[in-house]
Amino acid sequence: MPIQIVVAGALIRDGELLVAQRARPPELAGLWELPGGKVAPGETDAAALIRELHEELGVEVAVGTRLGAEVPLSPTMTLRAYLVTLTAGTVQPYDHRALRWVTLSALSDLPWVPADAGWLPELTAALASAPKA
């Protein structure tokens, strides 16, 4: 059985990271994550992330380098994160309960979705080296 790839985008702007609060499923509702979604058959990770962030946030992005290691979600599903750059649009919570821009100091205070929490060291490093507003 092929592995379903799920992609997530780490959007950093002016020294802040965009995080999204899940509305569902019930066991993850209220927790924070990097926005993204499933890669469709025949789609690249980058194309899926561009599509998903447009659907979920209403923005256009450029996909950059991979962030950290793959995270197994189940025996048939794995999660990958990428740094992304906003190229057009204003973020809107079309698919999430809420969106927040967080600074480096607030990053570890959030209740993270367990799968995304593994990237906190890489997100910390990315935020620490990001240009500030």
Side-chain angles (χ1 to χ4, degrees):
M1 179 172 202
I3 298 287
Q4 170 69 63
I5 303 298
V6 180
V7 289
L11 176 56
I12 296 173
R13 183 186 72 189
D14 299 332
E16 295 180 320
L17 172 71
L18 182 72
V19 294
Q21 189 177 40
R22 293 209 50 142
R24 62 187 187 282
E27 64 271 16
L28 297 177
L31 299 179
W32 294 87
E33 68 178 358
L34 299 178
K38 293 178 180 173
V39 177
E43 200 173 36
T44 64
D45 287 8
L49 198 48
I50 289 166
R51 176 183 52 75
E52 285 285 347
L53 294 185
H54 186 262
E55 290 172 4
E56 290 188 5
L57 306 173
V59 296
E60 294 178 26
V61 298
V63 179
T65 58
R66 186 118 146 240
L67 184 77
E70 287 187 351
V71 178
L73 298 175
S74 74
T76 59
M77 193 177 291
T78 193
L79 179 63
R80 297 174 180 160
Y82 293 86
L83 292 171
V84 296
T85 304
L86 183 66
T87 58
T90 302
V91 296
Q92 301 292 326
Y94 293 125
D95 196 48
H96 289 90
R97 184 181 289 174
L99 299 173
R100 275 177 59 190
W101 291 96
V102 296
T103 60
L104 178 58
S105 62
L107 194 62
S108 60
D109 296 336
L110 290 175
W112 284 90
V113 167
D116 289 28
W119 293 317
L120 284 176
E122 289 87 356
L123 290 169
T124 297
L127 275 171
S129 63
K132 310 295 184 274

Is there side-chain contact between Val7 and Arg66, with heavy atoms separated by less than 4.5 Å? no
Taking all heavy atoms of Lys132 and all of Leu127, pick out the closest pair and write down the distance. NZ-O, 3.2 Å
Between Leu34 and Trp119, what is the shortest heavy-atom contact and its length? CD1-CE3, 3.9 Å
Over all heavy atoms of both residues, which pair between Leu99 and Gln92 is shortest? Give the atoms and the distance, please. CD1-C, 3.5 Å
Using the rule that two of Ile, Leu, Val, Met, Phe, Trp, Tyr join whenever any of their side-chain heavy atoms come within less than 4.5 Å, decide whether Leu104 and Leu123 are in one cluster. yes
Any side-chain heavy atom of Gln4 sitting closer than 4.5 Å to one from Lys38? yes
Has Glu33 got a side-chain atom pairing as donor or acceptor with Ala20's backbone, closer than 3.5 angstrom? no
Of the non-hydrogen atoms in Gly36 and Leu49, which two are nearest, and what is the gap between them? CA-CD1, 4.3 Å
Checking Val91 against Trp101 for the side-chain contact (heavy atoms from CB on, under 4.5 Å) test, could you report, in this order, the C-alpha distance in whole Å, the side-chain angles of both residues, the deciding distance, and whether it holds? CA-CA 10 Å; Val91 296; Trp101 291 96; 4.1 Å; yes
Full working for side-chain contact (heavy atoms from CB on, under 4.5 Å) between Met77 and Val6: CA-CA 7 Å; Met77 193 177 291; Val6 180; 3.7 Å; yes
Just do the side-chain contact (heavy atoms from CB on, under 4.5 Å) check on Tyr82 and Val61 with the steps written out, would you? CA-CA 11 Å; Tyr82 293 86; Val61 298; over 6 Å; no
Should Thr87 and Glu60 count as side-chain neighbours, where that means a heavy-atom distance under 4.5 Å? yes
When rounded to the nearest 0.5 angstrom, what distance separates CG in Leu86 from CD1 in Ile12? 12.5 Å
Distance-only, no hydrogens or angles: does the Arg24 side chain make a donor-acceptor pair with backbone N or O of Pro26 under 3.5 Å? no
Honestly curious: do Leu73 and Val39 fall in one hydrophobic cluster under the side-chain, below-4.5 Å linking rule? no
Leu53 CG to Asp95 CG distance, which is reported to the nearest 0.5 Å: 11.0 Å
Looking at NE2 of His96 and CZ of Arg22, how far apart are the two atoms once the value is rounded to the nearest 0.5 Å? 6.5 Å
In the structure I gave you, are the side-chain heavy atoms of Leu11 and Pro35 within less than 4.5 Å of one another anywhere? no
Hey, what do you get for CG (Leu79) to CG (Asp116), rounding to the nearest 0.5 Å? 5.5 Å
What I'd like to find out is whether the side chain of Arg80 reaches to under 4.5 Å of the side chain of Ile5, using heavy atoms alone. yes
If I take atom CG from residue Leu67 and atom CG from residue Leu83, how far apart are they, to the nearest 0.5 angstrom? 5.0 Å
Minimal non-hydrogen separation, Ala29 against Ala23, with atom names: CB-O, 3.5 Å
Could you tell me which non-hydrogen atom of Val63 sits nearest to which non-hydrogen atom of Ala46, and how far apart they are? CG2-O, 3.8 Å
Hey, does the side chain of Trp32 reach the backbone of Leu107 with a donor-acceptor pair shorter than 3.5 angstrom? no
Verify same cluster id: Val102, Leu120 (apolar side-chain graph, 4.5 Å): yes
